[in-house]
Number of protein chains: 4
Amino acid sequence: MIQIFITGGTLDKRYNELNGELDFPETQLPAMLKQARCTAEIDLQLLMLKDSLEMTDKDREDIKQSCIASNAQQIIITHGTDTMVATAKHLAESIKDKTIVLVGAMVPYTIKQSDTLFNLGCAITAVQLMPAGVYITMNGKVFDWDKVVKDKQHGEFKVI
Amino acid sequence: MIQIFITGGTLDKRYNELNGELDFPETQLPAMLKQARCTAEIDLQLLMLKDSLEMTDKDREDIKQSCIASNAQQIIITHGTDTMVATAKHLAESIKDKTIVLVGAMVPYTIKQSDTLFNLGCAITAVQLMPAGVYITMNGKVFDWDKVVKDKQHGEFKVI
Amino acid sequence: MIQIFITGGTLDKRYNELNGELDFPETQLPAMLKQARCTAEIDLQLLMLKDSLEMTDKDREDIKQSCIASNAQQIIITHGTDTMVATAKHLAESIKDKTIVLVGAMVPYTIKQSDTLFNLGCAITAVQLMPAGVYITMNGKVFDWDKVVKDKQHGEFKVI
Amino acid sequence: MIQIFITGGTLDKRYNELNGELDFPETQLPAMLKQARCTAEIDLQLLMLKDSLEMTDKDREDIKQSCIASNAQQIIITHGTDTMVATAKHLAESIKDKTIVLVGAMVPYTIKQSDTLFNLGCAITAVQLMPAGVYITMNGKVFDWDKVVKDKQHGEFKVI
């Protein structure tokens with residue numbers, strides 16, 4: 001069983017036509033998994049819906065405690081890309097015995113040219129195949145949490 | 001470097017508005033990889049554009065020879081789902097030293113609720129992580145070529 | 001009040017992932033009108049869901065009787081493009097006192113590059129602005145029923 | 001010939017994946033008209049790409065002068081919805097002999113559930129059918145410029 005913890009991030013944003021902003025009326029994860037025709041056994045749990053720039057230390061601690069409390073050995077965390085590495089670091093310092101994959105998107109699922117489903121496919125596959133550890137899947141690659149940085153100028157994750 | 005061999009299949013079909021049929025005017029793989037923001041190094045090669053029900057023994061042999069001739073250790077084959085397992089079997093009988101992943105889709109990339117990008121994310125991740133062997137990635141799972149069947153009634157791949 | 005009679009046609013087709021064919025599991029008109037944010041008062045009625053090449057004389061007569069029986073002065077008929085002109089002719093021979101607009105699409109609503117919503121916008125506007133008569137709206141134009149032909153080679157409606 | 005003057009507005013916004021904002025890298029009108037399979041003769045001219053909340057009196061005057069200078073009798077102006085009525089008023093005070101239709105969208109063309117193509121179909125049809133005057137087409141209706149208001153709470157245009 002794969003545990004998916006939803007925390008928000010670009011992949012889950014929607015255009016609010018009343019104010020012209022992108023916000024989080026609700027998660028799109030069930031719609032994504034349906035479109036994916038995913039038959040892997042998944043337990044979806046909503047922890048929060050936040051832009052990752054607004055995540056606090058308490059939020060990261062809550063995510064960590066949820067990972068520890070989960071019965072699952074394989075955990076995916078949907079997350080904003082801007083502070084994904086910081087959350088990965090916080091998790092890696094305490095959790096050594098589970099496979100945890102953080103995943104996000106550069107373009108929301110609700111926008112036409114979104115990378116969300118591709119990234120989700122990468123995450124669901126990596127979490128089943130990788131040994132215990134904390135990883136990030138973006139741009140078709142699986143990164144170790146401590147060897148990756150977001151290049152904000154190009155909007156890509158790169159090995160450091 | 002990941003070698004992608006394109007052979008056609010549902011994922012690459014487009015609606016032909018002049019005759020109302022689904023056909024293959026050209027491959028959509030470059031558009032898919034662009035939408036995916038994939039930065040993994042990929043070499044795309046078009047072998048054929050066929051519905052997999054129309055694939056011949058010679059086609060499968062051509063695919064096999066292309067895999068053998070490729071310099072890549074990691075090979076993805078886009079393929080129609082109906083005879084994907086038959087092609088996987090043909091490859092597995094001769095090729096033991098490369099990681100080969102076959103991938104397709106239930107709904108074409110050009111149709112709104114397509115699973116193509118998700119499946120492609122699974123394939124690109126699996127081909128980088130799995131040991132030598134022949135695999136199929138569909139429905140969020142990585143199947144050994146000899147332990148999978150397409151359940152045509154439900155449109156899903158299942159372990160046998 | 002605008003009466004919309006649904007008869008099928010390309011605009012309402014969906015990809016059936018179990019057999020790879022395009023068929024009509026149900027009409028998409030409610031989804032289309034929702035996406036359009038249409039607030040014009042509309043009464044939707046499903047008459048049939050047919051490819052227009054399969055429409056019979058009895059079908060055209062049924063459509064005609066539905067138009068005659070409707071209380072609405074403004075009627076839109078969603079219809080396959082291949083025999084749209086034949087149905088328009090059948091209606092025009094008997095109905096002189098209502099504004100009837102036939103509309104279809106070259107690409108189904110469920111496919112990414114669909115013209116359906118554009119054509120529907122044309123039809124809803126034309127039916128409110130045109131005097132009594134039978135018209136076809138395709139390609140951004142309003143055609144009199146007896147001065148239009150589908151150019152099948154180019155997939156466009158043209159004045160004759 | 002229909003003249004389309006592009007001024008920006010929600011319909012033409014795109015998601016900028018580098019900063020997470022919606023902006024205007026370029027107009028999408030050619031892509032929209034291609035998707036629409038529109039064969040009406042159209043002259044597209046880009047005047048500006050602005051959120052209508054940022055439009056100045058000088059911008060409105062420039063739009064007016066462009067309308068006066070155009071050889072076309074039928075003019076469409078793509079425009080943000082928030083100040084569309086103000087621009088319509090400015091045009092109507094000076095121009096009496098042309099048919100001018102302002103059109104926008106609640107959701108950008110680049111977002112999945114966009115109303116843009118529907119609204120554009122309404123505008124292209126209305127501009128061909130209405131007598132000289134200034135109009136707004138939104139929500140499937142054609143409004144006289146001086147009898148319409150945007151209900152910002154519901155995101156709809158309504159008769160006053």
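What's counted below: heavy atoms across the whole structure, side chains too, no hydrogens, waters or symmetry copies. Quick note on labels: first sequence line is chain A, next is B, and so on, each numbered from 1.
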May I ask you to check whether over 12 heavy atoms, not counting those of [X], lie within 6.0 Å of atom [atom1]?
{"X": "D57(D)", "atom1": "CG", "value": "no"}
{"X": "D97(D)", "atom1": "CG", "value": "yes"}
{"X": "N19(D)", "atom1": "CG", "value": "yes"}

Using a cut-off of under 4.5 Å on heavy-atom pairs, state which of [options] scores highest against chain D.
{"options": "A31(C), A126(C), S114(C), G155(C)", "answer": "S114(C)"}
{"options": "M106(C), K112(C), K34(C), K141(C)", "answer": "K141(C)"}
{"options": "T116(C), T39(C), D115(C)", "answer": "T39(C)"}

- Query: Among V142(D), N119(D), V101(D), which one satisfies side chain to side chain contact (heavy atoms under 4.5 Å, CB included) with T125(C)?
  - Reply: V142(D)
- Could you look at Q128(D) and say if it's the side chain, the backbone, both or neither that has a heavy atom under 4.5 Å from chain C?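 For Q128(D), side-chain heavy atoms alone lie under 4.5 Å from chain C.
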- Side chain, backbone, both or neither: which part of Q35(D) has an atom under 4.5 Å from a heavy atom of chain C? both
Nearest heavy-atom pair of [X] and [Y]: which atoms, and what distance?
{"X": "N139(D)", "Y": "R37(C)", "value": "ND2-O, 2.7 Å"}
{"X": "C122(D)", "Y": "G121(C)", "value": "SG-O, 3.4 Å"}
{"X": "G140(C)", "Y": "C38(D)", "value": "CA-SG, 4.3 Å"}

- Query: When rounded to the nearest 0.5 angstrom, what is the spacing between CG in L117(C) and CG in L120(D)?
  - Reply: 11.5 Å
- Spatial distance of atom CZ (F118(D)) from atom CG (L33(C)) [nearest 0.5 Å]: 7.0 Å
- Task: Could you look at Q113(C) and say if it's the side chain, the backbone, both or neither that has a heavy atom under 4.5 Å from chain D?
- Result: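 Both backbone and side chain.
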